[in-house]
Novice: 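My structure is below; once you've seen it, I'll send some questions.
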Amino acid sequence: MTQELFDSIQLERLKAGEELESAALDTFLKYPEFALNYSSRLESALITSNTISSDYAEENFKQLYEKMRHSIYAKFQYDIGA
């Protein structure tokens, strides 16, 4: 198992939905060092993208979502979609 393969399993779970949930959880539990790295990178991507003002909530939500997309793509090379 490599970090790249671990990340790929987790990202495929996002695409497939519930069908891969148990396999992704098993992988998370079996490889805690990769899970910690993956979780830390995801948390970092989300924290760095969460910088918008509270004015104009709907427009800011769109901006926040776009920042999250770009940040996740930069760390994982995976686009969570529009």
Side-chain angles (χ1 to χ4, degrees):
M1 175 68 73
T2 65
Q3 185 70 52
E4 184 178 325
L5 181 57
F6 182 91
D7 292 353
S8 176
I9 292 168
Q10 299 309 317
L11 295 173
E12 287 301 319
R13 176 190 55 88
L14 291 174
K15 292 180 197 175
E18 290 184 25
E19 293 83 19
L20 290 179
E21 195 66 36
S22 64
L25 178 59
D26 290 345
T27 305
F28 237 81
L29 297 175
K30 188 173 181 178
Y31 299 97
E33 66 280 6
F34 295 134
L36 182 58
N37 184 330
Y38 178 86
S39 297
S40 295
R41 289 171 35 228
L42 183 58
E43 182 179 18
S44 173
L46 295 176
I47 286 173
T48 59
S49 67
N50 191 12
T51 55
I52 60 171
S53 97
S54 60
D55 298 332
Y56 307 105
E58 185 176 338
E59 187 60 33
N60 285 334
F61 177 77
K62 291 176 186 175
Q63 289 176 353
L64 176 59
Y65 183 76
E66 286 304 312
K67 286 182 178 182
M68 285 173 42
R69 280 183 66 196
H70 292 290
S71 190
I72 290 171
Y73 186 81
K75 291 209 183 275
F76 295 94
Q77 289 70 54
Y78 175 74
D79 187 354
I80 60 174

Novice: Is the side chain of Ser40 donor-acceptor paired with the backbone N or O of Leu36 at a distance under 3.5 Å, no angle test?
Specialist: yes
Novice: What are the two closest non-hydrogen atoms of Gln10 and Ala24, and how far apart are they?
Specialist: NE2-O, 3.4 Å
Novice: Name all pairs fulfilling the salt bridge (Lys or Arg N to Asp or Glu O under 4.0 Å) condition that reach into residues 19-34, sequence neighbours left out, sorted by first residue then second.
Specialist: Arg13-Glu21
Novice: Starting from Leu25 and following side-chain heavy-atom contacts under 4.5 Å between hydrophobic residues (I, L, V, M, F, W, Y), which residues can be reached?
Specialist: Leu29
Novice: Identify the two heavy atoms, one from Thr2 and one from Leu5, that lie closest to each other, and give their separation to 0.1 Å.
Specialist: OG1-N, 3.1 Å
Novice: Can you give me the closest heavy-atom contact between Phe34 and Met1, atom names plus distance?
Specialist: CE1-CG, 3.4 Å
Novice: Could you pull out the closest heavy-atom pair between His70 and Glu66, with the gap in Å?
Specialist: CD2-O, 2.8 Å
Novice: Are the side chains of Leu42 and Phe76 in contact, using a 4.5 Å heavy-atom criterion?
Specialist: yes
Novice: Tell me the closest heavy-atom pair linking Tyr73 and Asp79, and the distance in Å.
Specialist: CD1-N, 3.8 Å
Novice: If you define the side chain from C-beta out and look only at heavy atoms, does anything of Tyr38 sit under 4.5 Å from Gln3?
Specialist: yes
Novice: Judged by atom type as modelled, is there a donor-acceptor pair below 3.5 Å linking the side chain of Ser71 to the main-chain atoms of Lys67?
Specialist: no
Novice: Over 60° means perpendicular and under 30° means parallel, so tell me whether Phe6 and Tyr31 are parallel, tilted or perpendicular.
Specialist: perpendicular
